[in-house]
Amino acid sequence: PASTFISCEIAEQNNRALSGLARTLGVQEKSVWCSVYLALLSLLSGADEVLGTAITQGRPEIPDGEKMIGVFLNSLPMRAAMSGRRWTDLITATDRELREQHAFRHYPLPEIQRLSGLDFSAATFSYTNWHMYYEGVDREGTREEWIPQKVGGWQDTNYLLTVVVSNDDKSERHHLGIAADTSVFDAAFRERIRGYVANIVDAIASDATAFIDRTALLSESERHQQLV
């Protein structure tokens with residue numbers, strides 16, 4: 001399917017707030033952003049309990065494993081419920097599940113689908129930390145000249161929605177983008193998705209102890225439509 005990329009600007013103060021929240025809770029920053037993804041799935045589906053997938057790194061942990069060429073990625077399912085939970089509850093539960101997933105990172109998704117009878121092809125979450133690029137892409141220059149853009153590449157997916165978060169150690173900021181299937185999400189709806197992401201991030205940054213199901217994540221016009 002044809003897809004287009006939605007860039008979601010994250011305000012600097014929200015970047016700092018979410019990173020600080022991860023430190024306070026003692027969780028991975030990845031877990032905070034994965035919670036944003038799960039909340040987005042709940043908002044888009046209208047369901048309290050959602051089923052998504054998280055992309056994991058499965059490169060062989062052997063001597064010179066970093067020199068091996070190949071695709072070492074896998075996707076593992078994760079389930080989350082929003083009702084009765086605070087944002088902090090969702091984040092800590094997500095962190096726990098991501099850590100538990102690590103032991104199964106080499107288990108093939110097709111086999112998981114066969115055993116469970118479930119389809120995980122709707123939406124997925126990907127988190128990338130750019131620090132490895134700064135440390136290895138261009139050692140001839142200064143650290144300020146080590147830029148991820150020096151690494152080219154492309155991606156293609158059958159997922160209807162792919163939430164991609166990258167952590168840039170150099171700027172100490174996270175960047176969030178979404179690859180959306182244009183046959184499912186038209187231009188107007190893609191703009192709504194951009195707004196949903198902003199509302200979710202704002203909500204967590206403002207008060208992570210608030211209950212998710214009591215947080216206004218829809219736009220004012222959408223809330224009005226629910227009432228009439």
Side-chain angles (χ1 to χ4, degrees), residues 1-15 17-18 29-30 32-55 73 75 77-82 87 90 94 109 118-128 130 147-149 151-168 171 173-206 212-228:
S3 64
T4 189
F5 197 73
I6 309 167
S7 180
C8 303
E9 184 68 25
I10 306 299
E12 185 175 350
Q13 64 269 25
N14 284 346
N15 260 290
L18 268 60
E29 288 186 272
K30 175 182 179 179
V32 178
W33 293 98
C34 188
S35 297
V36 172
Y37 155 74
L38 293 169
L40 177 63
L41 290 190
S42 176
L43 199 56
L44 291 175
S45 65
D48 170 64
E49 188 170 318
V50 294
L51 183 65
T53 62
I55 294 176
L73 300 178
S75 297
M78 56 190 314
R79 189 186 300 271
M82 307 294 142
W87 291 107
L90 174 62
T94 299
L109 180 61
L118 298 173
D119 180 13
F120 305 106
S121 63
T124 191
F125 170 78
S126 173
Y127 184 89
T128 304
W130 284 113
I147 55 175
Q149 287 80 356
V151 177
W154 60 275
Q155 64 177 359
D156 193 12
T157 176
N158 290 324
Y159 288 98
L160 302 182
L161 204 71
T162 302
V163 175
V164 182
V165 178
S166 59
N167 175 25
D168 187 342
S171 64
R173 296 191 63 176
H174 285 82
H175 304 278
L176 189 151
I178 301 173
D181 186 335
T182 56
S183 67
V184 177
F185 305 103
D186 61 21
F189 202 96
R190 293 196 297 270
E191 281 305 310
R192 287 169 59 186
I193 293 175
R194 195 197 308 270
Y196 294 156
V197 170
N199 292 343
I200 293 169
V201 172
D202 284 344
I204 297 174
S206 299
I212 301 171
D213 51 9
R214 299 180 190 174
T215 305
L217 298 176
L218 298 176
S219 66
E220 185 175 343
S221 62
E222 288 173 318
R223 292 197 298 272
H224 178 72
Q225 287 178 351
Q226 288 183 322
L227 299 174
V228 297

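Numbers here are sequence positions counted from 1.
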Notebook entry, point to check: With side chains defined as the heavy atoms from C-beta onward, is the minimum distance between M82 and L38 less than 4.5 Å?
Noted result: yes
Check: Between OH of Y127 and CD of E29, what distance do you get to the nearest 0.5 Å?
Finding: 5.0 Å
Check: Should S166 and V164 be marked as a side chain to side chain contact (heavy atoms under 4.5 Å, CB included) after you check the CA-CA gap, both sets of side-chain angles, and the distance that decides it?
Finding: CA-CA 7 Å; S166 59; V164 182; 5.6 Å; no
Next item on the list: Would you indicate whether the side-chain heavy atoms of L161 and L44 approach each other to under 4.5 Å?
Entry: yes
Checklist line | Heavy-atom closest pair, residues T124 and S75 | finding: OG1-OG, 4.2 Å
Notebook entry, point to check: Is the closest side-chain heavy-atom distance between P77 and L118 below 4.5 Å?
Noted result: no
Next item on the list: Answer yes when E12 and R173 have at least one side-chain N-carboxylate O distance shorter than 4.0 Å, and no when they do not.
Entry: no
Check: Is the backbone N or O of S126 less than 3.5 Å from a side-chain atom of Y37, with the two atoms forming a donor-acceptor pair by type?
Finding: no
Notebook entry, point to check: Could you state the interatomic distance from CG (L43) to CG (N199), rounded to the nearest 0.5 Å?
Noted result: 8.0 Å
Item checked: side chain to side chain contact (heavy atoms under 4.5 Å, CB included) between I178 and L40, worked out -> CA-CA 11 Å; I178 301 173; L40 177 63; 4.0 Å; yes
Item checked: Point-to-point distance, once rounded to the nearest 0.5 Å, from CG of L90 to OG of S42 -> 9.5 Å
Check: Closest approach of A39 and W87, non-hydrogen atoms and distance?
Finding: CB-CZ3, 3.7 Å
Margin query: Treating T162 as the side-chain partner and A179 as the backbone partner, does any N or O pair qualify as donor plus acceptor under 3.5 Å?
Written below: no
Notebook entry, point to check: Looking only at heavy atoms, which two atoms of S35 and T94 are closest? And how far apart?
Noted result: OG-OG1, 3.3 Å
Check: Partners of W33 by ring pair (Phe, Tyr, Trp, His ring centres under 6.0 Å), sequence neighbours excluded?
Finding: H174
Next item on the list: State, to 0.1 Å, how close A123 and T53 come at their nearest heavy-atom pair, and which atoms those are.
Entry: O-OG1, 3.3 Å
Notebook entry, point to check: Which pair of non-hydrogen atoms, one from N14 and one from A205, has the smallest distance, and what is that distance?
Noted result: OD1-CB, 3.2 Å
Next item on the list: Could you tell me whether the side chain of V36 reaches within less than 4.5 Å of the side chain of V165, counting heavy atoms only?
Entry: no
Margin query: Y196 vs L217, test: side chain to side chain contact (heavy atoms under 4.5 Å, CB included). Steps then yes/no.
Written below: CA-CA 6 Å; Y196 294 156; L217 298 176; 6.0 Å; no
Checklist line | Euclidean distance, I55 CD1 relative to L73 CG, rounded to 0.5 Å | finding: 6.5 Å
Check: Stepwise, does the side chain to side chain contact (heavy atoms under 4.5 Å, CB included) test hold for L18 with I10?
Finding: CA-CA 11 Å; L18 268 60; I10 306 299; over 6 Å; no
Checklist line | Interatomic spacing from CG in L176 to CD1 in I6 - rounded to 0.5 Å | finding: 10.0 Å
Notebook entry, point to check: Rounded to the nearest 0.5 Å, what separation is found between the OG1 atom of T4 and the CG atom of D186?
Noted result: 12.0 Å
Checklist line | Heavy-atom side-chain proximity of R192 to F185 below 4.5 angstrom | finding: no
